[in-house]
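Take a look at the structure set out below.
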Amino acid sequence: MSFIWNLPYQWFTNFLSYFNLSSKKSAKILFIGLDNAGKTTLLKMIKDDRLQSPQPTHFPSSEELKLGNLTVTAFDLGGHEQARRIWKNYFCMADAIIFLIDAADFKRVDEARAELLDLITDEEISNIPILILGNKIDKKFAMDEKILKEKLGIGRICTGKTGKPAEGIRPLEVFMCSIFCRWGYGDGFKWLSSYLN
Ligand SMILES: Nc1nc2c(ncn2[C@@H]2O[C@H](COP(=O)(O)OP(=O)(O)O)[C@@H](O)[C@H]2O)c(=O)[nH]1
Ligand SMILES: [Mg+2]
């Protein structure tokens, strides 16, 4: 029996179980962020958490993973206009957006801020909840949540980790995480799922 206690907590709580889609037939979640933020790593982690899950499908600018009635599509932001047009087509179909940021990359935080602003101000998706994951906090000089919010200029539009925002206000919040250490993102998924069920 003792081996059970040695299994990582995440083994019991796979990604799909966060999104108990009982009231909805299916849901589409977008992972977006600059390249190198950790999207592919998170996608792999989600896949490996589930026994017998399929391989993600690779497209030139995106990856897609279907888990039951949940579809997760990952897109790299920044760069080519053509890629941008492709992921913009996915916007209107998405039920939730997870925006990943490398919290240890001070050099590219302004670039990430510009992409996030573009996303937040897009009227087509003005009511889709956005979970921002500040990844790689296992790194020594990673930003903490307060600094990341400041750098992204979103302190005042974050809607909080508990309770619900007022009617008509889009849920948006930052959760710091380390995909490597399997830490932090679970709380973010839980927060996001409360707007999907
Ligand atoms: N230190 C650290 N590195 C990470 C973490 N998550 C991803 N990485 C690394 O960041 C790099 C980019 O990750 P990747 O998933 O390819 O990013 P993508 O371009 O957004 O798909 C890879 O070298 C990963 O191993 C993390 O939690 N901590
Ligand atoms: Mg990738």
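Whatever order the structure lists ligands and atoms in, that order sets their numbers, starting from 1.
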Closer than 2.8 Å to the Mg ion (ligand 2) - protein N, O or S atoms, ordered by chain and residue number: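 Metal shell, protein only: T40 OG1.
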Qualifying salt bridge (charged side-chain N to carboxylate O under 4.0 Å, His left out) pairs, either residue in residues 120-133, two or more places apart: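 Sorted result for residues 120-133: K88-D122.
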Salt bridge (charged side-chain N to carboxylate O under 4.0 Å, His left out) partners of residues 165-174, not counting sequence neighbours, each pair once: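 Salt bridge (charged side-chain N to carboxylate O under 4.0 Å, His left out) check on residues 165-174 returns K149-E173.
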Side-chain heavy atoms of W191 within contact of P171, under 4.5 Å: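 With C-beta onward as the side chain, the pair touches.
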N69 and S26: side chain donor to acceptor below 3.5 Å: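 The criterion, which ignores hydrogens and geometry beyond distance, is not satisfied for S26 and N69.
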Residues T40 and E63: side-chain donor-acceptor under 3.5 angstrom: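 Yes, because at least one side-chain N or O of T40 sits under 3.5 Å from a partner of the opposite role on E63.
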Protein residues having a heavy atom less than 4.0 Å from any atom of ligand 1: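 For ligand 1, the contacting residues are L34, D35, N36, A37, G38, K39, T40, T41, D76, N135, K136, D138, K139, S178, I179, F180.
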Side-chain donor/acceptor of K161 to backbone N/O of G188, under 3.5 Å: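 Answer holds: no.
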Any donor-acceptor pair under 3.5 Å from K39 side chain to G33 backbone: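 Confirmed, K39 side chain pairs with G33 backbone.
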Intermediate values then yes/no, side chain to side chain contact (heavy atoms under 4.5 Å, CB included), E145 and F175: CA-CA 7 Å; E145 184 176 323; F175 286 79; over 6 Å; no
Candidate pair R108 and D102, rule salt bridge (Lys or Arg N to Asp or Glu O under 4.0 Å), full reasoning: CA-CA 8 Å; R108 295 186 75 193; D102 180 345; over 6 Å; no
